[in-house]
Amino acid sequence: MPRPRKKDTENNALLQEPFVVPDRILAGIDDSQPRAQQMYSLIRSLIIEMELSPGSPISEKAIGEAMSVSRTPLREALLKLADEGFVTIVPNMGTFVSKIDLATVFEGQFVRRALELETTRVAALKMDAEFLRELDVNMYQQKRCASDMDEAAFYQADEEFHRIISSIAASKRVWKTIHVAKGQLDRVRRLAFPLPDHMKVVLDEHTAIYEGLKNNDPAAAVAAMEIHLARIFITLQTLCESRPELFSEDAADMIAEHAKLLSP
């Protein structure tokens, strides 16, 4: 079966046909973790990467069969995802991917900005030849993905870029905190990649951050990171206007309210 790509028709197909999990998502699953945690990570990735789009049904049977997992760990995973706002469980009707809630997106941005600006500052001070080689490889991957117009691979390289910076500055726990907090925000970030010139803009911003880190210049690196992170508000406005069906009904009001908070 060709892997579905667009809107709810792709997700409705899960109810009747075998479900194929993309290799890039399978690669992120940690087999050393309990099955419930694996299912949580897998479905979370499917939602963030828009393989399961907002408002669409989730077939527990299809995913369970695709991953050879029983109902119990799958239900545990869905309950955790419901608690985090990724899915909505409706008794006697089924489980559905939740629409994007901007209140949670802004909360994630708040946490992300606070922690990533600081990890960028510290990373610039700690940058050495070994760390630079890791970033060099990642920047090469980003450029290749942008050249190939491979949105899914670019998103993964984008995530890795930020993870590397965090790992240079601090422990894995810090990145885990950022990763969990920005889950709803990541849905917006992934949704933005088809926008005109989006990959080029992100790559240019990453290059500015990279140059600041490479030159052990905390001020330059942090300033570039702040510009990069702030772009999400422009992206949100564009997406809410072009794809309103993917967002909660109060999205426009939330953006207007947030814009007032950012005003001088």
Side-chain angles (χ1 to χ4, degrees), residues 24-25 27-30 32-33 37 40-42 44-45 47-49 84 86 104-146 152-193 198-199 201-233 235:
R24 69 178 187 277
I25 291 177
I29 304 302
D30 185 353
S32 68
Q33 295 295 316
Q37 179 62 34
Y40 162 81
S41 298
L42 180 140
R44 186 181 190 273
S45 294
I47 292 172
I48 287 175
E49 296 206 28
E84 294 181 6
F86 283 104
T104 313
V105 170
F106 290 141
E107 288 172 2
Q109 175 69 2
F110 186 88
V111 173
R112 186 188 193 202
R113 182 180 182 279
L115 291 179
E116 289 214 43
L117 292 183
E118 181 62 12
T119 57
T120 300
R121 184 188 70 80
V122 175
L125 296 172
K126 294 174 68 174
M127 184 61 62
D128 59 18
E130 181 180 354
F131 291 143
L132 186 58
R133 281 193 295 272
E134 192 173 3
L135 275 178
D136 282 339
V137 171
N138 177 265
M139 289 300 298
Y140 170 78
Q141 291 171 338
Q142 290 184 55
K143 291 172 184 175
R144 186 184 63 188
C145 294
F154 190 99
Y155 173 76
Q156 293 295 334
D158 181 339
E159 276 290 278
E160 183 66 4
F161 177 76
H162 289 273
R163 187 203 65 78
I164 291 170
I165 294 171
S166 179
S167 71
I168 294 169
S171 69
K172 291 181 179 179
R173 290 190 298 274
V174 173
W175 176 247
K176 183 177 180 180
T177 299
I178 296 170
H179 179 71
V180 172
K182 69 185 182 72
Q184 295 292 344
L185 173 63
D186 286 344
R187 298 172 78 187
V188 176
R189 291 176 55 230
R190 180 63 185 88
L191 190 60
F193 276 88
H198 185 75
M199 279 190 284
V201 170
V202 171
L203 183 57
D204 288 346
E205 291 173 351
H206 282 180
T207 300
I209 297 165
Y210 166 83
E211 290 297 329
L213 294 170
K214 177 182 177 180
N215 295 325
N216 296 107
D217 186 339
V222 169
M225 180 64 82
E226 187 151 27
I227 290 171
H228 176 55
L229 297 182
R231 179 165 297 281
I232 192 65
F233 300 112
T235 300

Rounded to the nearest 0.5 Å, what separation is found between the [atom1] atom of [X] and the [atom2] atom of [Y]?
{"X": "Gln109", "Y": "Ile232", "atom1": "CD", "atom2": "CD1", "value": "6.5 Å"}
{"X": "Phe161", "Y": "Phe154", "atom1": "CZ", "atom2": "CZ", "value": "9.5 Å"}
{"X": "Ile178", "Y": "Leu185", "atom1": "CD1", "atom2": "CG", "value": "11.5 Å"}
{"X": "Arg163", "Y": "Lys172", "atom1": "CZ", "atom2": "NZ", "value": "8.0 Å"}
{"X": "Leu135", "Y": "Ile165", "atom1": "CG", "atom2": "CD1", "value": "6.0 Å"}
{"X": "Asp128", "Y": "Arg133", "atom1": "CG", "atom2": "CZ", "value": "8.0 Å"}

In terms of heavy-atom contacts, Leu213 and Ala124 come closest through CD2-N, 3.6 Å

Margin query: On a heavy-atom basis, which atom in Leu229 and which in Leu117 lie closest, and how many Å separate them?
Written below: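 That would be CD1-CD2, 4.4 Å.
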
Please verify the inter-ring angle class for His198 with Phe193; under 30° counts as parallel, over 60° as perpendicular, anything in between as tilted.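 Plane angle over 60°, so perpendicular.
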
Q.
Run Gln142 and Asn138 through side chain to side chain donor-acceptor pair (under 3.5 Å) and show every step you take.
A. CA-CA 6 Å; Gln142 290 184 55; Asn138 177 265; 2.6 Å; yes

Could you tell me if the side chain of His206 sits less than 4.5 Å from the side chain of Lys143, heavy atoms only?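 Side-chain contact under 4.5 Å: no.
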
Check: Below 4.5 Å, heavy atoms only, C-beta onward: do Thr119 and Trp175 meet side chain to side chain?
Finding: no

Margin query: Are more than 12 heavy atoms, taken from residues, nucleotides or ligands other than Lys126, located less than 6.0 Å from that residue's NZ atom?
Written below: yes

Exactly one of His162, His228, Arg121 clears side chain to side chain donor-acceptor pair (under 3.5 Å) with Glu116, and that residue is His162

| task | Run the numbers on Glu49 and Gln156 for side chain to side chain donor-acceptor pair (under 3.5 Å), then give the verdict. | result | CA-CA 10 Å; Glu49 296 206 28; Gln156 293 295 334; 2.3 Å; yes

Worked verdict on Arg144 versus Gln141 for side chain to side chain donor-acceptor pair (under 3.5 Å): CA-CA 5 Å; Arg144 186 184 63 188; Gln141 291 171 338; over 6 Å; no

Exercise. Side chains of Tyr40 and Glu84: is there a donor and an acceptor less than 3.5 Å apart?
Worked result: yes

Cationic N near anionic O, under 4.0 Å, Glu159 to Arg190: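 Salt bridge absent between Glu159 and Arg190.
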
